[in-house]
Amino acid sequence: MVRWVSLALIVATVPCSLASSSAANIEPRDTNEAFSPPYYPAPNGGWVSNWAEAYQKAQNVVRNLTLAEKVNLTTGTGIFMGPCAGQTGSVPRLGIPNLCLHDSPLGVRNTDHNTAFPPGITVGATFDKDLMYERGVALGEEARGKGVNVLLGPSVGPMGRKPRGGRNWEGFGFDPALQGIAAAGTIRGMQSTGAIACIKHLVGNEQEMHRMSSVVTQGYSSNIDDRTLHEFYLWPFAEGVRAEVGSVMIAYNDVNKSACSQNSKLINGILKDELGFQGFVVTDWLAHLGGVSSALAGLDMSMPGDGAIPLFGGSYWGPELSRSILNETVPVERLNDMVTRILAVWFKMGQDQDYPLPNFSSNTEDETGLLYPGAVISPVGVVNQYVNVQGNHNTTARAVARDAITLLKNEENLLPLSRNDSLKIFGTDAGADPQGLNSCADKGCNRGVLTMGWGSGTSKLPYLITPQDAISNISSTAEFYIKDTFPSSVEANDEDIAIVFINSDSGENFITVDGNPGDRKASGLYAWHNGDDLVKAAAEKFSQVVVVIHTVGPLILEEWIDLDPVKAVLIAHLPGQEAGYSLTDILFGDYSPSGHLPYTIPYDESNYPESVGLLQQPFGQIQDDYTEGLYIDYRHFLKEEINPRYPFGHGLSYTTFEYSNPSISKVTPLDTEYPPSRPEKGPTPTYPTTIPPASEAAWPDNFNRIWRYIYPYLDNPSSITNTSSSNTYLYPDGYSTTPNPPPRAGGAEGGNPALWDVAFSIEVTVTNTGSRPGRAVAQLYVQLPDSVGLDTPSRQLRQFEKTKVLEAGESEVLGMDVTRKDLSIWDVEMQDWKSAPWGKGVKVFVGESVLDLRVLCEADGGCNTL
Ligand code: NOJ
């Protein structure tokens with residue numbers, strides 16, 4: 001057996017490679033059935049016309065690359081072997097630099113002079129497509145300014161299946177359409193600057209604990225049935241691919257018992273064939289588990305390049321990928337496709353034209369330092385140039401944080417405050433971290449105002465405007481009690497208003513904070529630092545209490561929400577660096593709140609299905625069965641007729657809105673159940689299939705090696721012989737080199753383009769009927785008829801639009817389109833999207849939350865206000 005293959009087989013998820021090939025699609029309902037069928041070979045990229053020019057340029061280069069140069073572009077140089085979270089090798093001869101891949105979805109991580117934007121959950125709560133795009137542009141500009149080729153975001157997985165899940169806040173909310181629209185806007189914005197976006201994590205990374213496989217443990221398997229996968233978890237990825245995302249990051253966990261990084265059905269079948277993804281697929285960090293297996297399954301890039309044990313200089317690819325080409329276990333076509341995909345993205349974004357090299361180091365704040373810290377003995381040089389990339393992005397950051405703030409209740413119109421109200425402010429969440437700005441790495445602590453969760457999805461705060469700073473700017477009499485215990489000595493007068501700040505944090509599994517290993521294991525869905533007690537104590541003393549909550553996700557409010565003094569509650573989500581000003585913009589009425597909940601707030605955690613709890617088990621692989629299917633968040637509450645405390649989409653304003661004159665018009669007739677046939681695939685680049693000369697993988701003469709650095713070279717490569725036919729590598733069952741027939745649901749980026757045919761257009765007039773200016777969010781939910789033949793959630797968000805700021809009495813007509821896909825279910829037999837013919841029986845609701853519906857339109861009738 002080839003040396004590296006044996007390791008691959010031990011460590012890799014054997015079921016993927018040894019599975020029988022009988023089933024045609026992913027179809028588990030429980031653990032015993034969970035199975036991911038083989039899908040080989042990997043489809044080549046380049047068949048979509050939009051990418052033809054970029055692929056042509058890539059092809060011209062790839063034709064001239066040596067084996068080692070090709071391999072260099074597929075494999076990271078090793079963890080801590082450069083300035084970024086990961087970097088590929090380079091081809092200096094042709095001006096192709098090491099490509100820098102770096103976090104995060106909310107700003108450039110671990111650097112200086114950057115903007116710390118609000119994270120995804122806050123962006124989702126704005127329901128503002130323009131801001132989604134604008135923030136994407138700003139993120140791209142900062143990535144470019146720092147020399148980051150691939151910014152590792154947006155995140156749309158996790159999707160919020162588990163309310164306690166640690167990284168839900170990195171994504172945009174607990175609904176696939178919200179995630180998809182926000183991700184597509186972000187990607188378009190980012191990539192308009194030339195930075196490459198990386199949508200992540202495909203797929204089922206819904207829990208932080210036990211996500212990773214290694215030599216000693218196996219990550220959990222997310223067992224997802226085909227329909228749920230398509231209609232829920234894959235949905236935002238499809239929108240991201242349609243927005244031409246340049247790269248996709250594969251999740252740590254298994255899906256249906258096959259590790260995502262070598263799951264051929266997932267990468268080859270679904271992502272590259274059905275969704276028509278033209279970019280490159282990269283591992284999550286150290287999620288590479290097998291060399292040949294992953295190459296055959298469609299992986300294109302290994303990050304940060306290390307093998308089973310990081311920092312030992314070993315890799316599943318690098319020299320071993322060179323070996324597998326020379327011994328012919330991995331077809332040379334596959335390597336050519338990997339490199340062509342990577343370079344096509346690079347050309348498509350224009351990174352061949354004056355794209356900056358990294359000018360920062362995520363390893364140190366010093367100006368000079370080790371160029372390859374992981375090598376210990378390394379050349380030293382200037383690593384930080386402290387380039388300021390902030391531009392005027394603080395305006396965007398503030399607008400996102402402000403327009404996300406969600407007013408849950410406002411009795412007696414206590415808000416907005418006036419500038420001379422007598423204010424008493426409680427809670428450490430109103431203030432600064434007493435240990436200093438960025439006092440803990442990757443935000444792995446919860447001190448002071450909570451601006452983001454923790455882990456790789458963070459960036460350093462360049463500065464922070466706390467609520468305390470911003471309130472004291474406006475009110476000269478406000479008194480601050482920046483503590484988590486209620487001061488018994490505080491005086492309360494009748495006119496006093498108490499503002500209590502509380503929070504709830506979570507993050508990535510490599511850091512545990514207060515007993516929470518990423519997921520909210522210890523805290524549950526309750527406020528940290530005795531926040532609930534603080535509110536109750538304030539409510540005992542004061543007759544007017546405002547609660548401000550900074551939170552990663554749903555929180556149980558029951559201990560105090562109905563107390564008489566608690567008049568107003570704001571969820572300020574995770575605001576980033578502009579925490580204070582964005583809040584005072586709302587508190588003092590310069591703007592009306594216009595954020596809406598991107599998730600449901602329940603009365604109790606037991607309101608959720610049992611299957612979405614956190615899972616732990618001492619031995620063996622955790623089987624996480626998605627038995628609840630599509631019934632996540634509000635879909636579940638509706639089905640089980642559970643009244644939530646606050647429904648998905650809820651958010652009050654200082655004014656009120658009326659919906660009138662709704663209309664529906666048919667655009668493209670849904671005259672067939674299934675979409676018209678897909679377009680044919682265009683041509684893909686072709687290359688000679690001859691095995692390159694072994695000398696191309698030999699160490700160059702007099703080469704100065706850096707210890708532990710991952711190179712593509714081999715000792716004595718000419719001794720390698722063809723082993724592909726001598727049974728030394730056990731190919732997965734179902735392995736084949738004959739291309740599959742093109743999937744009928746495919747045809748372009750995202751899938752069959754007819755899926756986005758507009759079936760119906762809805763228009764509705766929104767009028768500000770109150771006395772203050774404000775913005776409304778019209779949310780469009782669809783209900784499919786029984787004739788689609790399957791149990792389907794009774795409402796599903798498919799679109800939304802936000803008005804401009806409407807003055808009192810002012811109106812705006814909002815238009816929203818409903819596509820064929822919006823009205824379809826995934827037919828697992830046909831492997832295609834099936835809609836209700838002519839839209840018969842389809843109901844379209846428009847409202848201010850999933851439970852506050854204002855308009856009903858019937859596809860085969862007219863519209864009414866409700
Ligand atoms: C692991 C995280 O899961 C991923 O989101 C991140 O981009 C990489 N680490 C790189 O830091």
Side-chain angles (χ1 to χ4, degrees), residues 76-88 99-111 119-121 139 143 146 148-159 165-172 183 186 190 195-214 219-220 222 236-237 240 245-254 259-261 280-289 301-306 310 358 360-363 373-374 441-444 452-460 506-511 517-519:
T77 56
I79 196 160
F80 307 129
M81 285 296 180
C84 308
Q87 38 272 309
T88 64
L99 301 181
C100 160
L101 290 89
H102 197 64
D103 297 297
S104 82
L106 64 71
V108 185
R109 178 183 176 201
N110 274 334
T111 185
I121 201 71
L139 283 167
K146 289 282 182 188
V148 173
N149 298 86
V150 183
L151 189 65
L152 302 172
S155 169
V156 298
M159 277 274 286
R167 296 180 75 184
N168 294 336
W169 58 274
E170 292 187 45
F172 305 99
T186 305
M190 277 171 67
I196 300 166
C198 182
I199 196 168
K200 66 190 188 183
H201 309 84
L202 186 74
V203 63
N205 188 169
E206 297 290 330
Q207 167 178 310
E208 280 300 289
M209 294 183 295
H210 309 291
R211 61 183 177 159
M212 277 179 95
S213 289
S214 70
Y220 55 79
S222 291
F237 287 97
V245 70
S247 61
V248 172
M249 190 191 292
I250 282 298
Y252 280 121
N253 49 282
D254 293 13
C260 288
S261 61
F280 63 87
V281 176
V282 57
T283 57
D284 198 342
W285 266 233
L286 306 174
H288 204 180
L289 302 173
M301 189 185 278
S302 169
M303 275 292 145
D306 306 57
F360 73 102
S361 167
S362 60
N363 306 305
D442 294 320
K443 296 281 169 292
M452 59 189 82
W454 72 79
S456 64
T458 57
S459 70
K460 285 189 187 159
S506 73
E508 193 175 348
N509 184 241
F510 71 90
I511 303 174
D519 304 310

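We count ligands from 1, going down the list as the structure has it; atoms in each ligand are counted the same way.
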A.B. asks: Side-chain contact, heavy-atom cut-off 4.5 Å: Met303 with Thr88?
C.D. replies: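 Answer yes - side chains close enough.
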A.B. asks: Please list the nearest protein heavy atom to atom 8 (C) of ligand 1 with its residue and the distance rounded to 0.1 Å.
C.D. replies: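 Looking at atom 8 (C) of ligand 1, the protein heavy atom closest to it is Asp284 OD1, 3.4 Å.
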A.B. asks: Regarding Asp103 and Lys200, does a basic nitrogen lie under 4.0 Å from an acidic carboxylate oxygen?
C.D. replies: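 Yes, Asp103 and Lys200 are salt-bridged.
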A.B. asks: Among Asn205, Thr283, Val281, which residue satisfies the side chain to side chain contact (heavy atoms under 4.5 Å, CB included) criterion with Ile250?
C.D. replies: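 Exactly one pass, corresponding to Val281.
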A.B. asks: Closer than 4.0 Å to some heavy atom of Arg109 - which atoms of ligand 1 meet that?
C.D. replies: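 Atoms satisfying the 4.0 Å criterion: 11 (O).
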A.B. asks: So which protein heavy atom does atom 5 (O) of ligand 1 come closest to, and at what separation?
C.D. replies: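 The closest one turns out to be His201 NE2, 2.7 Å.
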A.B. asks: Can you sort out which atoms of ligand 1 are near Lys200, meaning under 4.0 Å from one of its heavy atoms?
C.D. replies: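 With Lys200 as reference, the close atoms of ligand 1 come out as 4 (C), 5 (O), 6 (C), 7 (O).
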A.B. asks: Nearest heavy-atom pair of Tyr220 and Gln207: which atoms, and what distance?
C.D. replies: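 Heavy atoms only, the tightest pair is OH-O, 2.5 Å.
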A.B. asks: As an exercise, identify every atom of ligand 1 less than 4.0 angstrom from a heavy atom of Met249.
C.D. replies: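 Going through ligand 1 atom by atom, the ones under 4.0 Å from Met249 are 4 (C), 7 (O).
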A.B. asks: For atom 6 (C) of ligand 1, grab the closest protein heavy atom and report residue, atom and distance to one decimal in Å.
C.D. replies: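 Here the nearest protein heavy atom works out to Asp103 OD1, 3.3 Å.
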A.B. asks: Using side-chain heavy atoms (C-beta onward) and a distance below 4.5 Å, is Pro236 in contact with Met159?
C.D. replies: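 Yes, at least one pair of side-chain atoms sits under 4.5 Å.
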A.B. asks: Heavy atoms only, cut-off 4.0 Å: how does Glu508 contact ligand 1, side chain, backbone, both, or neither?
C.D. replies: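 Just the side chain.
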A.B. asks: Number the atoms of ligand 1 from 1 as they appear, then name those within less than 4.0 Å of a heavy atom of Ser456, with their elements.
C.D. replies: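 Here the atoms of ligand 1 in question are 2 (C), 4 (C), 5 (O), 6 (C), 11 (O).
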A.B. asks: Which of the atoms of ligand 1 are close to Leu152, meaning less than 4.0 Å from one of its heavy atoms?
C.D. replies: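 Under 4.0 Å from Leu152, ligand 1 has these atoms: 7 (O).
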A.B. asks: Under 4.0 Å from ligand 1, counting heavy atoms only, is it the side chain of Glu208, its backbone, both or neither?
C.D. replies: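 Neither; nothing of Glu208 gets under 4.0 Å from ligand 1.
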A.B. asks: Can you tell me which portion of Arg167 lies within the under-4.0 Å heavy-atom range of ligand 1? Options are side chain, backbone, both, or neither.
C.D. replies: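 The side chain, only.
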A.B. asks: Can you spot which of Met212, His210, Met209 makes a side chain to side chain contact (heavy atoms under 4.5 Å, CB included) with Asn509?
C.D. replies: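 Of all the options given, the one that passes is Met209.
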A.B. asks: Which of the numbered atoms in ligand 1 are under 4.0 angstrom from any heavy atom belonging to Arg211?
C.D. replies: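 Listed by number with element, the hits are 3 (O).
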A.B. asks: Does the His102 side chain pair with the main chain of Arg109, one donor and one acceptor, at a distance under 3.5 Å?
C.D. replies: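 At least one qualifying donor-acceptor pair exists.
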A.B. asks: Please list, in number order, the atoms of ligand 1 under 4.0 Å from a heavy atom of Tyr252.
C.D. replies: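 In order of number, 1 (C), 3 (O).
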